[in-house]
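Per chain, numbering begins at 1; letters A, B, ... match sequence-line order.
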There are 2 protein chains.
Amino acid sequence: MATRARRPQRRSEALSRERIVAAAVELLDTAGEGGLTFRALTERLATGAGAIYWHVANKDELLDAATDAVVAAALAVEPTGAADPRDEIRAVALGLFDAIDEHPWLATQLATELSRSPSGTVTPRILESIGRRVRALGVREDSWFLAATVLVQYILGGAAQNAANARVLGPGANRDEFLGTVSKVWEELDPDEYPFIRAVAEQMRDHDDREQFLAGIDLVLSGITTLYVPGE
Amino acid sequence: MATRARRPQRRSEALSRERIVAAAVELLDTAGEGGLTFRALTERLATGAGAIYWHVANKDELLDAATDAVVAAALAVEPTGAADPRDEIRAVALGLFDAIDEHPWLATQLATELSRSPSGTVTPRILESIGRRVRALGVREDSWFLAATVLVQYILGGAAQNAANARVLGPGANRDEFLGTVSKVWEELDPDEYPFIRAVAEQMRDHDDREQFLAGIDLVLSGITTLYVPGE
DNA sequence: ACCTGAACACCGTTCAAGT
DNA sequence: ACCTGAACACCGTTCAAGT
């Protein structure tokens, strides 16, 4: 009774790249970045290591595929019918924000995604989604790439930072308590070396992640409008 | 002759945390993120594994220490005497940009730094440096934390993205050639799925990393001024 | 207090062998 | 074409033993 066999998984439901990637995402979600190993994967899929290597070149490719699958899903629920491109940009950004929140390993992955495959599919996907709205915003054509890139950079950076916070906490932890602790540490830093940190310790403790993230988006949007939208 | 003993290192110059961290930085710089192993480290320092563990708790702590050392050095050359806080912010940002450019492993490290030690020293260091200038800019007090955080997020994200590009290239590679290749890939994407990417493929090919990074800083600064500096 | 180095548990990847 | 699973090389970390 105690030694219940763990998930015999319907006997051989035909291995496939998709099933492997899905299992990888599950492992990453439940066990964290360190939880994705070929041994855990073979056990969960009731197969051998070689079988996985038949469908996937190596671990890096598997991670890329997992990232791509999750990002694609997050961007699939595109906001339709929103009149203001600004609202659409906010919606796309929040979609990624939530995806990273649900799959914290995405943060690290997205940060290093760019360093891998030059023809990586994740970055173009995100850039395309944001870029269309940048164009709709009326940004000068020669600044399309710049404006879209800055936005994407902020979105990924901001979402990643929040995921990091969430990860430190771990599931079920008390966010207020955690922020309180960090805030205390900040308040006790050397007043000569860290005057600013001390001054914002309280703001840090009371800030709302989502609100702050959106305020950052608006800030970038404001800069884009001021500098790159003619006649504003 | 062929089997020259590699660096006997002046026989026992007393191991210390600093020497270990310095060796770690060297290894990371020369051999990349995967190059930092305890075996390589023991060889370079002509010692045993246990000796290193006497000075450093584990690999994560070693990576944190290496990151901290490099970031501290980058921020140490603080711009003095610049009249405009905007110029100072640009200088600090470029300092980090160059540091990540010199030590590409910093990008990944900084992206995940936040997820580690809540009392991490790297983030406060950067936030402090940027925050002081944000204050000098005349930002409303209740928006100090927000404005500084957004700036730091953009700086780290932007610098990381550039480091990623540099890393894909590898030392001595031809940047123009690389961008040309990626640009070609972008131009050949599905016109229905990726109209924006196709439209900016050329801008991407011709963009200058540093220029673009600075333009992003100015964009964020413009947003901060518009939204959070009273009377502007 | 500081260092040595063998040993342990674990990992990604390969590959001869099977069907 | 697809899968098995033992084997290999390598890694982070521990620890009894030394000085």
State plainly whether the residues [X] and [Y] are in salt-bridge range, i.e. N to O under 4.0 Å.
X: B:Asp208; Y: B:Arg175; result: no
X: A:Arg39; Y: A:Glu43; result: no
X: A:Arg132; Y: A:Glu128; result: yes

key: Intra- and inter-strand pairs of DNA chain C in dot-bracket (Watson-Crick or G-U wobble, both distances under 3.5 Å; | for another strand)   = ||.|||||...|||||.||
ask   = Is there a side-chain contact between B:Ile130 and A:Phe196 (heavy atoms, below 4.5 Å)?
value =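 Side-chain contact under 4.5 Å: no.
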task = Without swapping roles, check the side chain of A:Gln109 against the backbone of A:Thr67 for a donor-acceptor pair under 3.5 Å.
result = no
query = Using a cut-off of less than 4.0 Å, is there contact between a side-chain N or O of A:His55 and OP1 or OP2 of D:dC3?
reply =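 Yes, A:His55 has a side-chain N/O under 4.0 Å of OP1/OP2 on D:dC3.
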remark   = Smallest heavy-atom separation, B:Arg44 atom then B:Leu27 atom, equals NH1-CD2, 3.8 Å
Nearest-angstrom distance from the residue atom [atom1] of [X] to [atom2] of [N]:
X: B:Leu41; N: C:dT4; atom1: CG; atom2: P; result: 13 Å
X: A:Arg17; N: D:dA1; atom1: CZ; atom2: P; result: 18 Å
X: A:Trp54; N: D:dC3; atom1: CH2; atom2: C1'; result: 9 Å
X: A:Leu15; N: D:dA1; atom1: CG; atom2: C1'; result: 13 Å

message = Classify the ring geometry of B:Phe38 against B:Tyr53: parallel below 30°, tilted from 30° to 60°, perpendicular beyond 60°.
response =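 Ring orientation of B:Phe38 relative to B:Tyr53: parallel.
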Interatomic distance at P, C:dC2 relative to D:dA17, whole Å =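 Comparing P positions in C:dC2 and D:dA17 gives a spacing of 22 Å.
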request  = To the nearest 0.5 angstrom, please state how far the NE2 atom of B:His103 sits from the CG atom of B:Asp29.
outcome  = 5.0 Å
query = How would nucleotides 10-19 of chain D be written as a contact map, 5' to 3', with B for base contact, S for sugar-phosphate-only contact and - for no contact, using protein heavy atoms under 4.0 Å?
reply = -BBBBB----
